[in-house]
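What follows is a set of notes on a single structure, which appears directly below.
So that the names make sense, note that chain A is the first sequence line, chain B the second, and so on, each numbered from 1.
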2 protein chains.
Amino acid sequence: MRFPALFEHLSKLAAIPPSEWERAELLGKEQTVDRKALFLRPGDASDRFSIVLQGVFRLVRVSARGGESVKAFRAEGDLLGAYSEMLQGKPSMTAIEALEPSRVLVFRAADLQALEQGHTCWVQLARSVAEKHFLLKEQREQEFLELSAEERLERFWEEHAHLHRRIPQRDVAAYLGITEVGLSRIVSRRRRQQAAASGASQ
Amino acid sequence: MRFPALFEHLSKLAAIPPSEWERAELLGKEQTVDRKALFLRPGDASDRFSIVLQGVFRLVRVSARGGESVKAFRAEGDLLGAYSEMLQGKPSMTAIEALEPSRVLVFRAADLQALEQGHTCWVQLARSVAEKHFLLKEQREQEFLELSAEERLERFWEEHAHLHRRIPQRDVAAYLGITEVGLSRIVSRRRRQQAAASGASQ
DNA sequence: ACGTCGCCTTAACCTGGGTTAACCAAGGTC
DNA sequence: GACCTTGGTTAACCCAGGTTAAGGCGACGT
């Protein structure tokens, strides 16, 4: 088994027999991605997907007006790809950029479909992945509906504590749907309030 | 076949043999829901799901602060239920309210699981449903990230033209993440602009 | 040591939409 | 007919966050 940590990680989503995993592992090709390099760019075919072995990525959507918004971050163990475009068989509208020197394990979508024929655990995995992605997006929807930017920021760091100091603030802003300037303002406001509170209590 | 229109509707998601559909139909119980009645309330078990035969529903999430936000509307042919809570095996955190006198076809989640054992088309359907829900939520995420309330309103009516005049404006507002007052302002602003534009061109 | 590039901060000003509250029209109900 | 609701509108005021523009500062390459 080349990637036992990965096996363990995926086992949380579906019961994959080790023998199946060992077959699957062989289909993946390791690849390194330089910091700031685009692992996927808009217009590319969405016929591959990957798993992050090391590093952090951001998934960026460039809007018609030229603004960038960040759909998600991906780190060790996460799936990496233009998931929704793959589901729709469309070319990618998403750019994927490495924020650190990274390594990924690349699979061809067609290979996964072949695996699905051989063992139902892969179908179950695909379903779990779809459901998990849905739950994450729904949570995000709810945050946009109910929370202010400041509250969304707080939630973000609760959910992404493991990425602390690994993603630049401007990308966090683009993920929260606010500007770099707005985020900086919120952060410094909170800093001041915390300082005032701890000063007052002493 | 009791519900041929429904069969046709679901066939867009997965290839269901008519014989399977006829077995499934028998498991559903028809139920009427009065206008303004809660078909599901927060705290209820999420062990049933339904299909709308007639009418319109809104899925409401009541936030901690008491504010209401609308997660979705459901009309003829749509699935109706606390989907994400069902996936997580949690009781519903969502209220489902009929906006019109409505009729639904109710299934027990356990019955669907039994069907899945008998024919893989139901597994495929479950997967398609998850993927479709994901795509919708991702689109909504993107709208929150990139669009103003006014632009979201415009998109909303493009996507939901079939619900025109069937949902009250306040619910549209709660769906867009703005207040009733804010929406009214946007609507009247657009009315004025249109009037000015058409007046000028004549 | 020196520019400069990338990322962050701060300040000044502006605006979309929140909040509150008054008001209206259309149905129901007595 | 007098009176509620229920859903929508409008106005006055307020504030979070957008926009623009000007630094700050550490990490570089030379």
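- Residue B/Arg189 places none of its side-chain N or O atoms closer than 4.0 Å to OP1 or OP2 of C/dG16.
- With sequence neighbours left out, A/Glu150 forms a salt bridge (Lys or Arg N to Asp or Glu O under 4.0 Å) with A/Arg189, A/Arg190.
- Among residue pairs with one or both ends in residues 9-21 of chain A, those qualifying as salt bridge (charged side-chain N to carboxylate O under 4.0 Å, His left out) are A/Glu20-A/Arg23; sequence neighbours excluded.
- Taking the six-membered ring where the residue is Trp, the centroids of B/Phe144 and A/Phe144 are separated by under 6.0 Å.
- Applying the salt bridge (charged side-chain N to carboxylate O under 4.0 Å, His left out) definition to pairs two or more places apart or across chains, none involves residues 39-52 of chain A.
- A donor atom on one side chain and an acceptor atom on the other are not found under 3.5 Å apart for A/Glu131 and A/Ser128.
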Filtered N/O pairs between nucleotides 19-27 of chain C and protein, under 3.5 Å:
none

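- Here the P atom of nucleotide C/dG17 and the CG atom of B/Leu183 are 10 Å apart, to the nearest Å.
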For nucleotides 28-30 of chain C, which of its nitrogen or oxygen atoms have a protein nitrogen or oxygen under 3.5 Å away, and what is each distance?
none

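- Here D/dA16 presents its C1' atom at 15 Å from CZ of A/Arg190, a figure rounded to the nearest Å.
- In this structure, B/Ile167 CD1 and B/Asp171 CG are separated by 7.5 Å, a value rounded to the nearest 0.5 Å.
- For the atom pair A/Leu105 CG and A/Phe3 CZ, the distance stands at 4.5 Å (nearest 0.5 Å).
- A ring-centre distance under 6.0 Å is found for A/Phe156 and A/Tyr175.
- A donor and an acceptor atom, one from each side chain of B/Ser184 and B/Gln169, are nowhere located under 3.5 Å apart.
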Give the table of side-chain donor-acceptor pairs shorter than 3.5 Å for residues 97-104 of chain B, with sequence neighbours excluded, one pair per line with atom names and distance.
from	atom 1	to	atom 2	distance (Å)
B/Glu97	OE1	B/Arg58	NE	3.3
B/Glu97	OE1	B/Arg58	NH2	2.7
B/Glu100	OE1	B/Arg166	NH2	3.0
B/Glu100	OE2	B/Arg166	NE	2.8
B/Ser102	OG	B/Glu100	O	2.7
B/Arg103	NH1	B/Glu30	OE2	2.5

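- No engagement by A/Gly67 is indicated, since no non-hydrogen atom pair under 4.0 Å with the nucleic acid exists.
- Annotation: A/His164, atom NE2; neighbour count of heavy atoms from other residues, nucleotides and ligands within 6.0 Å does not exceed 12.
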Every protein N/O within reach of nucleotides 3-7 of chain D N/O, cut-off under 3.5 Å:
from	atom 1	to	atom 2	distance (Å)
D/dG7	OP2	B/Arg170	NH1	3.0

Point to revise | Worked check of side-chain hydrogen bond (donor to acceptor under 3.5 Å, both in side chains) between B/Lys90 and B/Ser46 | key: CA-CA 7 Å; B/Lys90 296 196 295 194; B/Ser46 334; over 6 Å; no

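- Residue pairs meeting the salt bridge (charged side-chain N to carboxylate O under 4.0 Å, His left out) criterion with at least one partner in residues 173-185 of chain A, sequence neighbours excluded, are A/Arg170-A/Glu180.
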Expected rows: protein N/O vs nucleotides 28-30 of chain D N/O, under 3.5 Å:
none

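- Look at A/Glu143 and A/Arg155 and you find a salt bridge, because one of the NZ, NE, NH1 or NH2 atoms lies within 4.0 Å of a carboxylate O, short of that distance.
- With sequence neighbours excluded, the residues that form a side chain to side chain donor-acceptor pair (under 3.5 Å) with A/Gln142 are A/Glu146.
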Exercise for review: Go through the steps to decide whether B/Glu8 and B/Ser11 satisfy the test side-chain hydrogen bond (donor to acceptor under 3.5 Å, both in side chains), and finish with yes or no.
Suggested key: CA-CA 5 Å; B/Glu8 199 169 326; B/Ser11 295; over 6 Å; no

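- Remark: B/Ser148, B/Ala149 in residues 143-167 of chain B come within less than 4.0 Å of DNA chain C through at least one heavy atom.
- Comment: B/Arg61 does not engage B/Glu85 in a salt bridge, judged by the lack of any side-chain N to carboxylate O separation of less than 4.0 angstrom.
- Between its two ends, the helix from C/dA1-D/dT30 to C/dC30-D/dG1 turns its axis by 30°, counting five pairs per end and rounding to 10 degrees.
- With rounding to whole Å, B/Ile178 atom CD1 is found 13 Å from C/dG16 atom P.
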